[in-house]
Colleague: 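Can you keep this structure in mind? I'll have questions shortly.
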Amino acid sequence: MDDITEQLAYRIAAGVYQPGDLLPSVRQVATDFNTSTPTANSALGRLAALGFVETRRGLGYLVRDLNLYGGIDTWRYIFRFAHRVPDRAAKLFSDLIDIEVQLLLQAIHIFAVAPRRYDLSRAIHAADRFELLATNEKADRTDVLTAELHVLRCCFAALGKPGFLSLFNTAGEIFISTPEVSRAFYEPLDPEGHLLLMRKLQELSKTEGPIEILDIDLVELMIREYHNQVVQTFAELVGAKPTATAAVPEANTR
């Protein structure tokens with residue numbers, strides 16, 4: 001059943017079936033995949049649960065527009081097909097990175113107003129754990145990325161921003177499940193470089209009063225430039241066509 005679901009999901013992601021198309025009937029799917037009708041029905045039901053199709057009484061399964069209705073489950077599948085639908089995967093990754101950057105910059109500006117107001121002890125403990133992996137050349141890159149994302153998760157929690165955290169966790173779940181993502185995160189800047197930035201922010205957290213705007217602007221510039229490189233690296237890794245829209249756009253976060 002899982003194999004049938006995956007193959008049908010790929011056909012939708014690749015545009016073989018377009019939004020608004022009807023999928024083959026349960027009987028036809030059973031015939032095409034040489035399986036039983038109940039198995040085919042279960043596979044189509046699973047495809048609906050993942051958000052690729054919707055059921056229409058009397059018609060069957062209608063393909064959804066993933067650009068309008070795609071969610072975390074559909075996104076996961078698109079990243080699983082990254083090398084087969086590279087342009088779509090690269091565009092989605094660029095969008096997720098854009099979300100992450102906006103969340104990070106908003107959090108930094110909130111934090112900068114009164115850095116000592118927030119208890120970052122949990123985040124600092126997570127950063128210590130990250131340091132053990134970042135300085136270990138044999139550490140698996142996915143484990144390193146998981147540890148880094150946890151540092152950021154603890155920071156969002158310290159700021160009391162559950163909405164930020166929810167969006168960040170959604171992107172993070174996809175990032176750690178896609179091997180090319182961890183490679184893309186650490187090819188432009190190795191884990192020890194990430195650690196230096198973390199320690200810089202930790203140092204700034206001890207500042208009395210608001211953090212100087214020049215310090216914040218420098219951190220923001222570094223974050224933007226780095227994430228632009230991550231987006232470009234991911235596109236190269238999955239074989240996507242170069243695009244001028246891959247860069248993380250400027251935004252007013254103040």
Side-chain angles (χ1 to χ4, degrees), residues 1-26 28-30 32-33 39-103 149 163-164 166-185 227 230-249:
M1 182 189 79
D2 289 343
D3 182 60
I4 298 172
T5 300
E6 180 153 333
Q7 289 192 52
L8 291 173
Y10 166 69
R11 293 175 188 177
I12 294 172
V16 176
Y17 297 126
Q18 293 289 318
D21 286 352
L22 279 172
L23 286 187
S25 67
V26 173
Q28 186 61 52
V29 169
D32 291 346
F33 289 93
T39 298
N41 192 52
S42 296
L44 289 167
R46 173 64 176 155
L47 199 65
L50 290 169
F52 284 91
V53 297
E54 59 182 284
T55 56
R56 289 290 180 89
R57 187 181 297 275
L59 290 176
Y61 290 91
L62 194 70
V63 176
R64 304 182 85 185
D65 186 340
L66 301 186
N67 292 327
L68 292 177
Y69 298 104
I72 186 170
D73 289 325
T74 50
W75 297 346
R76 281 198 190 100
Y77 268 78
I78 289 173
F79 277 104
R80 286 170 65 174
F81 308 141
H83 287 279
R84 291 191 283 171
V85 288
D87 295 337
R88 186 164 206 161
K91 177 61 171 66
L92 178 55
F93 181 68
S94 177
D95 290 345
L96 290 176
I97 287 293
D98 187 24
I99 291 171
E100 183 199 39
V101 169
Q102 301 311 317
L103 292 174
L149 292 176
F164 284 25
S166 176
L167 290 172
F168 179 80
N169 283 337
T170 297
E173 284 184 37
I174 293 175
F175 290 165
I176 61 176
S177 66
T178 309
E180 292 83 1
V181 171
S182 56
R183 288 182 59 191
F185 266 94
H227 280 91
V230 169
V231 169
Q232 293 170 10
T233 302
F234 179 82
E236 291 169 2
L237 288 172
V238 300
K241 298 174 184 175
T243 171
T245 61
V248 177

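This chain uses plain numbering: 1 for the first residue, then up along the sequence.
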Colleague: Where do Ala90 and Ala240 come nearest, in terms of heavy atoms and distance?
Modeller: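 For Ala90 and Ala240, the tightest heavy-atom pair comes out as CB-CB, 3.6 Å.
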
Colleague: Nearest 0.5 angstrom please: Ser25 OG to Asn41 CG, how far?
Modeller: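 If I round to the nearest 0.5 Å, the distance is 10.5 Å.
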
Colleague: When rounded to the nearest 0.5 angstrom, what distance separates CG in Leu103 from CG in Asp98?
Modeller: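 Atom-to-atom, Leu103:CG and Asp98:CG are 9.5 Å apart.
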
Colleague: Do Trp75 and Leu96 have side chains that get closer than 4.5 Å, going by heavy atoms?
Modeller: yes

Colleague: Could you tell me which residues satisfy side chain to side chain donor-acceptor pair (under 3.5 Å) with Asn169, sequence neighbours excluded, listed by chain and number?
Modeller: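 In terms of side chain to side chain donor-acceptor pair (under 3.5 Å), with neighbours along the sequence ignored, Asn169 is linked to Arg153.
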
Colleague: Once you round to the nearest 0.5 Å, how far does CG of Leu8 lie from OH of Tyr10?
Modeller: 12.5 Å

Colleague: Do you know which two heavy atoms are closest between Ala13 and Ile78, and how far apart they sit?
Modeller: CB-CG1, 4.3 Å

Colleague: Can you sort out the partners of Ser177 under side chain to side chain donor-acceptor pair (under 3.5 Å), two or more places apart, ordered by chain and number?
Modeller: none

Colleague: Kindly compute the distance separating CD (Glu180) from CD (Glu236), expressed to the nearest 0.5 Å.
Modeller: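 The CD atom of Glu180 sits 13.5 Å away from the CD atom of Glu236.
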
Colleague: Does any non-hydrogen side-chain atom of Ile176 lie less than 4.5 Å from one of Val181?
Modeller: no

Colleague: Evaluate the side-chain contact (heavy atoms from CB on, under 4.5 Å) criterion for residues Phe93 and Phe79: first the C-alpha distance (whole Å), next the side-chain angles of each, then the deciding distance (0.1 Å), finally the verdict.
Modeller: CA-CA 9 Å; Phe93 181 68; Phe79 277 104; 3.8 Å; yes

Colleague: With sequence neighbours left out, write down each residue that passes salt bridge (charged side-chain N to carboxylate O under 4.0 Å, His left out) with Arg56, or none if nothing qualifies.
Modeller: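 For Arg56 the salt bridge (charged side-chain N to carboxylate O under 4.0 Å, His left out) partners, ignoring immediate neighbours, are Glu54.
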
Colleague: Measure the spacing between CZ of Arg46 and CG of Asp2 and express it to the nearest 0.5 Å.
Modeller: 7.0 Å

Colleague: Please test Glu100 against Leu149 for side-chain contact (heavy atoms from CB on, under 4.5 Å), starting from the C-alpha separation and ending with a verdict.
Modeller: CA-CA 11 Å; Glu100 183 199 39; Leu149 292 176; 4.3 Å; yes

Colleague: Are Phe185 and Phe234 an aromatic pair, judged by ring center distance below 6.0 Å?
Modeller: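 No; Phe185 has its ring centre 6.0 Å or more from that of Phe234.
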
Colleague: Mind checking whether Val26 and Leu44 have side chains closer than 4.5 Å, heavy atoms only?
Modeller: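 Counting from C-beta outward, Val26 and Leu44 do come under 4.5 Å.
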
Colleague: Are the side chains of Thr170 and Ile99 in touch, meaning some heavy atoms are under 4.5 Å apart?
Modeller: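 Answer no - side chains too far apart.
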
Colleague: How close do His227 and Val101 get, counting heavy atoms only, and between which atoms?
Modeller: CG-CG2, 3.4 Å

Colleague: Return the minimal non-hydrogen interatomic distance between Ala43 and Ile4, and the atom names on each side.
Modeller: CB-CG2, 3.7 Å

Colleague: Tell me, please, which residues at least two apart from Asp65 pass side chain to side chain donor-acceptor pair (under 3.5 Å).
Modeller: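 Testing Asp65 for side chain to side chain donor-acceptor pair (under 3.5 Å), a comparison that skips the adjacent residues, returns none.
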
Colleague: Give me the atom names and distance for the closest heavy-atom approach of Glu6 to Tyr77.
Modeller: CA-CE2, 4.1 Å

Colleague: For Asp95, check side chain to side chain donor-acceptor pair (under 3.5 Å) against everything at least two apart and list the hits.
Modeller: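 Asp95 satisfies side chain to side chain donor-acceptor pair (under 3.5 Å) with Lys91 once adjacent residues are dropped.
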
Colleague: Assess the pair Tyr17 and Phe52: is the distance between their ring centroids shorter than 6.0 Å?
Modeller: no

Colleague: Side-chain contact test, heavy atoms from C-beta onward, threshold under 4.5 Å: evaluate it for Ile174 versus Leu92 and give yes or no.
Modeller: no

Colleague: What heavy-atom pair brings Thr74 and Leu50 nearest, and what distance separates the two atoms?
Modeller: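 Residues Thr74 and Leu50, closest heavy atoms: CG2-O, 2.8 Å.
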
Colleague: Hey, does Val53 have a side-chain heavy atom less than 4.5 Å from the side chain of Ile12?
Modeller: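 In short, these two side chains touch, coming nearer than 4.5 Å.
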
Colleague: Please confirm whether the backbone N or O of Leu47 pairs with a side-chain atom of Thr5, one donor and one acceptor, at under 3.5 Å?
Modeller: no

Colleague: Roughly how far, to the nearest 0.5 Å, is CG of Leu237 from CZ of Arg183?
Modeller: 4.5 Å

Colleague: Can you tell me which residue pairs pass the salt bridge (Lys or Arg N to Asp or Glu O under 4.0 Å) test with a partner in residues 166-176, sequence neighbours excluded?
Modeller: Arg76-Glu173

